[in-house]
Protein chains: 2
Amino acid sequence: MSAGNIAVPTMLNTPLPDPVPSADYDACPVTELFRRLGDKWTLLVLVLLDQQTYRFNELHRRIEGISQRMLTRTLRTLEHDGLVERTVFPTVPPSVEYALTARGRSLLKPLSEVADWVVQQSEMTAPPGT
Amino acid sequence: MSAGNIAVPTMLNTPLPDPVPSADYDACPVTELFRRLGDKWTLLVLVLLDQQTYRFNELHRRIEGISQRMLTRTLRTLEHDGLVERTVFPTVPPSVEYALTARGRSLLKPLSEVADWVVQQSEMTAPPGT
DNA sequence: CTGTATCCGATGTGATACTG
DNA sequence: CAGTATCACATCGGATACAG
């Protein structure tokens, strides 16, 4: 939760500085990851790329409502974070393939546990038979 | 990933509609949760409340840089989602206590696995001895 | 095909002042 | 003490046009 990961290994029950300095909080890599995952398209792009590699326009058509601008931005950020690999084939016209890296695939495991938690909660709210 | 959770139980390797309808994506509860967690203060408030209950101004002082407005909004949203319980003591002046619900505590388990993933990645980047 | 540049509206967040 | 109301500003994301 702080820049130096003081509180991260066991995010629970580890003492945090009082007050939590805003600079540290902003710089915390865990916070940053959640900010990325919380933007409009990142999560969906990650899930799609986990199922298969895509070319740019394939992905564009695959996701209804995403703009070229945001697809580019989302993919570039994921590439910058080492979660997605971008491969350019210098054909005419050019073609570019996007694939999840090993790191990207490994991230989906903890993420799917969060997703499972959501499902469990909605099942508690709406019991079987509804 | 869709409103009906079609793809959620095993977020990985479950086919998604092609194209993914933007209405379904917007309505997906998993997507929504990540959007909440990705906002500026939610994650920190969850972690702090997991360690102890807080009164409003205690929390306000505890988090450097948060505004009254955003602390109120964040807590109200968490309460609305059933993650935080708000208890008013009708003293003069009034005092209000915030505590994590059982659901809130249960969420922190999958979240801390995501946090652990971040730590593991940074350890791979910067091996021991640095 | 795979982008980039520009503009604009929507939304998120902070500052300040005020209230029961 | 625990908020609410209002305004101001920054950032996010979509639309459109253009380019290699």
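Lettering of chains follows the sequences in order, A, B, ..., and the numbering in each one begins at 1. Being a predicted model, the structure only gives us computed values, none of them experimental.
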Open item on the list: From C-beta outward on A:R55, which listed nucleotide comes closest to its side chain: D:dG3, D:dC1, C:dC1?
Closed with: C:dC1
- [ ] Take the protein atom CG of A:D39 and the nucleotide atom P of D:dA10, then report the distance between them rounded to whole Å.
- [x] 22 Å
Open item on the list: For D:dC12 and A:R36 - does any side-chain N or O of the residue sit under 4.0 Å from the phosphate oxygens OP1/OP2?
Closed with: no
TODO: Check whether any side-chain N or O of A:R55 sits under 3.5 Å from a backbone N or O of A:S95 as a donor-acceptor pair, and report yes or no.
DONE: no
Open item on the list: Are the side chains of B:R35 and A:K40 in contact, using a 4.5 Å heavy-atom criterion?
Closed with: yes
TODO: Assess the side chains of A:S22 and B:E64: does a donor N or O sit below 3.5 Å from an acceptor N or O?
DONE: yes
Open item on the list: Rounding to an integer number of Å, can you tell me how far B:Y54 OH sits from D:dA2 C1'?
Closed with: 18 Å
- [ ] Measure the distance from NE2 on B:H60 to C1' on C:dT13 and round it to the nearest whole Å.
- [x] 13 Å
- [ ] Please check if the side chain of B:T101 supplies one atom and the backbone of B:L83 the other of a donor-acceptor pair under 3.5 Å.
- [x] yes
Open item on the list: Which nucleotide wins on minimum distance to the side chain of A:N57, given the candidates C:dG14, C:dG3, C:dC1?
Closed with: C:dC1
TODO: Calculate the interatomic distance between B:F89 atom CZ and D:dG3 atom C1'; express it in whole Å.
DONE: 17 Å
Open item on the list: Can you confirm whether more than 12 heavy atoms, excluding those of B:Q120, are under 6.0 Å from its CD atom?
Closed with: no
Open item on the list: Main chain of A:G38, side chain of A:T42: is a donor-acceptor contact present, judged purely on distance under 3.5 Å?
Closed with: no
Open item on the list: Students often get this wrong, so: under 4.0 angstrom with heavy atoms, is A:Y98 touching a base, only sugar-phosphate, or nothing?
Closed with: sugar-phosphate
TODO: For DNA chain D, determine which residues of residues 64-84 of chain B have any heavy atom closer than 4.0 angstrom to one of its atoms, and list them numerically.
DONE: B:Q68, B:R69, B:T72, B:R76
- [ ] Write down the distance between CD (B:E97) and C1' (D:dC1), rounded to a whole number of angstrom.
- [x] 13 Å
Open item on the list: Test your reading of the model: is there a side-chain donor-acceptor pair from A:T31 to the backbone of A:A27, 3.5 Å cut-off?
Closed with: no
- [ ] Could you tell me whether the side chain of B:R62 and the main chain of A:P17 form a donor-acceptor pair under 3.5 Å?
- [x] yes
Open item on the list: As an exercise, state the distance from CG of A:L33 to CG of A:L111, rounded to the nearest 0.5 Å.
Closed with: 7.0 Å
Task: First of B:W41 and A:S95 reached from the 5' end of DNA chain C, by closest nucleotide - done: A:S95
Open item on the list: Using whole Å, what does the distance between atom P of nucleotide D:dC1 and atom CZ of B:R86 come to?
Closed with: 16 Å
Task: Whole-Å gap separating C1' (D:dG14) and OH (B:Y25) - done: 16 Å
TODO: Return the angle between end axes of the helix from C:dC1-D:dG20 to C:dG20-D:dC1, with five pairs used per end and rounding to 10°.
DONE: 40°
TODO: May I ask you to evaluate whether A:K40 reaches the phosphate of C:dT11, defined as a side-chain N or O under 4.0 Å from OP1 or OP2?
DONE: no
